[in-house]
Amino acid sequence: MPKTPWSATSQNLGQDFHNWSGGLRFRPSRLEVPEDEETVAALVRAAARQGRSIRPVGSAHSSSEIYVTDDILVSMAGICGLREHDAQHHRAMVGAGSQLTELSKELQAAGMTLSNFGDVATQTVGGAIGTGTHGSGRDFPNLSMMLVGGRLVTAGGEIRTFDVEEEPDFVRALRVSFGTLGILTWTTLKLEPLHDLHRQEWCLAFEPCMEVLDKLSRENRNFDFYWYPRSDEVKIRCLNPPGEEKDYGAFARLAKDETGPPHEVIPQHSDLPHRFEEMEYSMPAEAGPECLGKLRARIKERWRRSVGWRLLFRYIKADDSWLSEAYGRDSVSISLHQNATLPYWDFFLDLEPIMRDHGGRPHWAKNHSLRAAELRPLYPMWDRFLALRQEMDPGGRFLTRYLRGLLGCLGGVCGRSARGDGR
């Protein structure tokens, strides 16, 4: 069983649970760490008999309250690792509780790799898929698009298999559903043959970067950048197959140069020594530069002295996952950070309207202030998702107080039938 970043270990009663940053602390009635899906199914059936809710949790890296509960919390850490793989078609069945870094070592031995990673790789497979975790690159959607099949435990405590070719709409809904349609146990992922990437980091001033931003984003396999408020400089990060890298020495200073498999060179952090809180929104790609410019002006005007953390700008390819932040549109994500030991909500809430004004959709695993009334207009498939969620979990077994507000539910009923007016 992989090491978990939180204090509770197994079946603790009456003990606090905290997330990675320490910003979320709550006390579930019990924590279960099942080691097979039959035990997960039995836990769900027992919860149904007792009228209790049950929530899955991955690595607890998320800042939002999607797994906060005072009832049953289920860690999937016991269902992990590579179960089977098809090297010819580059597919593998892996446990939903597999931590991405550890799983990547097993996939490397099998000659395969995930196509992309986020800025960190501490998430579990189930958590990354369920929240729409993403990396950067105009040709790369979020990690949930890896999911092409698998198994999950339904609200009735049954084990259901699924395949994207047989149930495309179900998988489109499931990919970014943060555990509200069922508990993923085993996932079949679409992967790539193992390969190396050459990572280069270049430092330059903000304005020169923005002048060539479109070019930079299109001529690198993976491209993103950090903006540093106090120096007003940026660090661009470019990853390419060895031999296909570009030389930006004419206008930037090379700060880092390394080559290795994707799981070793794409994630920025390994041990994550500095805890932070984060807010992230994704907007249409064409709106990203203007949004960034307005955020920069506001931060320089109001927040430069109190917030020294960098801002992260990334590209995401459009997808068709119903609640994905990149549903139906190529996107840019902008992430705000603040030290976890310092006040952060005033900073986030001051800048959130700017991102919303540019068509922003919030990352489900990060801090944001939106609830169902504000979220529904942002997602064209919102009502279809809620109808499916209601069909699969009519008793609200996978809901919590926070999720009811997020989705617009009264009791266990979500959507139009919960509000009566369809809004």
Side-chain angles (χ1 to χ4, degrees), residues 1-35 39-80 96-97 99 122-124 126-127 130-131 153 155 157 177-180 182-185 272 275-279 338-345 348 363-369 371 393 395-407 409-412 414:
M1 184 182 302
K3 181 181 178 182
T4 53
W6 25 265
S7 58
T9 52
S10 178
Q11 298 189 17
N12 290 322
L13 299 175
Q15 294 190 25
D16 285 343
F17 183 101
H18 65 82
N19 72 331
W20 168 81
S21 71
L24 295 176
R25 291 184 179 273
F26 59 98
R27 182 166 293 188
S29 64
R30 91 185 269 118
L31 171 68
E32 296 283 355
V33 191
E35 296 189 0
T39 303
V40 178
L43 288 170
V44 174
R45 290 194 296 269
R49 291 193 300 269
Q50 298 163 11
R52 304 176 69 176
S53 66
I54 186 166
R55 286 297 298 158
V57 64
S59 65
H61 186 77
S62 298
S63 302
S64 75
E65 298 180 36
I66 52 175
Y67 49 82
V68 172
T69 182
D70 59 4
D71 217 327
I72 303 169
L73 190 67
V74 179
S75 165
M76 302 306 293
I79 303 178
C80 61
Q99 196 257 4
T122 60
Q123 307 94 335
T124 64
T131 61
V153 174
S177 59
F178 32 94
T180 63
I183 300 178
L184 281 172
T185 53
L272 294 169
R275 300 296 192 252
F276 56 82
E277 294 293 336
E278 185 173 2
M279 172 178 280
Q338 171 64 314
N339 193 302
T341 64
L342 297 175
Y344 57 90
W345 266 116
F348 289 165
H363 193 303
W364 298 110
K366 311 293 176 63
N367 290 296
H368 66 89
S369 70
R371 295 298 180 266
D393 182 21
R397 195 66 48 220
F398 300 129
L399 295 180
T400 62
R401 179 182 299 178
Y402 173 80
L403 290 172
R404 289 187 178 94
L406 193 74
L407 297 174
C409 306
L410 296 175
C414 300

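In terms of heavy-atom proximity, Tyr67 sits nearest to Phe26 at O-CZ, 3.7 Å. The two atoms that bring Ala41 and Gly157 nearest to each other are CB-O, 3.3 Å, heavy atoms only. Across Asp393 and Ala155, no two heavy atoms sit closer than the pair OD1-CB, 3.4 Å. Closest approach of Thr124 to Gly97, counting heavy atoms only: CG2-O, 3.7 Å.
Trp345 has its side chain out of reach of Gln338: every pair of non-hydrogen atoms, C-beta onward, lies at least 4.5 Å apart. Under the 4.5 Å side-chain criterion, counting only non-hydrogen atoms from C-beta, Val68 is not in contact with Thr400. With contacts defined as side-chain heavy-atom distances shorter than 4.5 Å, the pair Arg27/Thr69 does not qualify. Contact annotation: the side chain of Ile66 approaches that of Phe178 to within less than 4.5 Å [non-hydrogen atoms, C-beta and beyond]. Between Ser29 and Asp70 the shortest side-chain heavy-atom distance does not fall below 4.5 Å. Looking only at side-chain heavy atoms (C-beta outward), Ser53 and Ile72 stay at 4.5 Å or farther from each other. Taking the side chain as every heavy atom from C-beta outward, Thr185 and Val153 approach each other to under 4.5 Å. Residues Leu403 and Phe398 form no side-chain contact, since every pair of their non-hydrogen atoms from C-beta on lies 4.5 Å or further apart.
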Item checked: Residues Leu399, Leu407; criterion side-chain contact (heavy atoms from CB on, under 4.5 Å); working and verdict -> CA-CA 9 Å; Leu399 295 180; Leu407 297 174; 4.1 Å; yes
Next item on the list: Would you please test Tyr402 and Arg371 for side-chain contact (heavy atoms from CB on, under 4.5 Å) and show each step?
Entry: CA-CA 9 Å; Tyr402 173 80; Arg371 295 298 180 266; 3.4 Å; yes
Next item on the list: Take Val57 and Met76 through the test side-chain contact (heavy atoms from CB on, under 4.5 Å) and record every step on the way to the result.
Entry: CA-CA 7 Å; Val57 64; Met76 302 306 293; over 6 Å; no
Next item on the list: Assess whether side-chain contact (heavy atoms from CB on, under 4.5 Å) is satisfied between Leu24 and His18, documenting all intermediate values.
Entry: CA-CA 5 Å; Leu24 295 176; His18 65 82; over 6 Å; no
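Using a distance-only test at 3.5 Å, with no hydrogens or angles considered, a donor-acceptor pair links the side chain of Ser75 to the main chain of Ala77. Remark: the backbone N or O of Gly127 is paired with a side-chain donor or acceptor of Thr131 at under 3.5 angstrom.
Remark: Phe348 CZ to His368 NE2 distance equals 12.5 Å, nearest 0.5 Å. Within the model, atoms CE of Met279 and OG of Ser369 stand 6.0 Å from one another, a figure rounded to the nearest 0.5 Å. Between Ser63 atom OG and Tyr344 atom OH the span is 7.5 Å, to the nearest 0.5 Å. In this structure, the separation between CG on Asn19 and CZ on Arg275 is 9.5 Å, given to the nearest 0.5 Å. Taking OG of Ser62 as the start and CG of Asn367 as the end, the distance is 10.0 Å to the nearest 0.5 Å.
The salt bridge (charged side-chain N to carboxylate O under 4.0 Å, His left out) test with Lys366 singles out one residue from Glu277, Glu278, Glu65, and that residue is Glu278.
Ring geometry for Trp20 versus His61: interplanar angle of 30 to 60°, hence tilted.
Residue Arg401 places its CZ atom among 12 or fewer non-hydrogen atoms of other residues, nucleotides or ligands, all under 6.0 Å distant.
A salt bridge links Arg52 with Asp71; the closest basic N to acidic carboxylate O contact falls under 4.0 Å.
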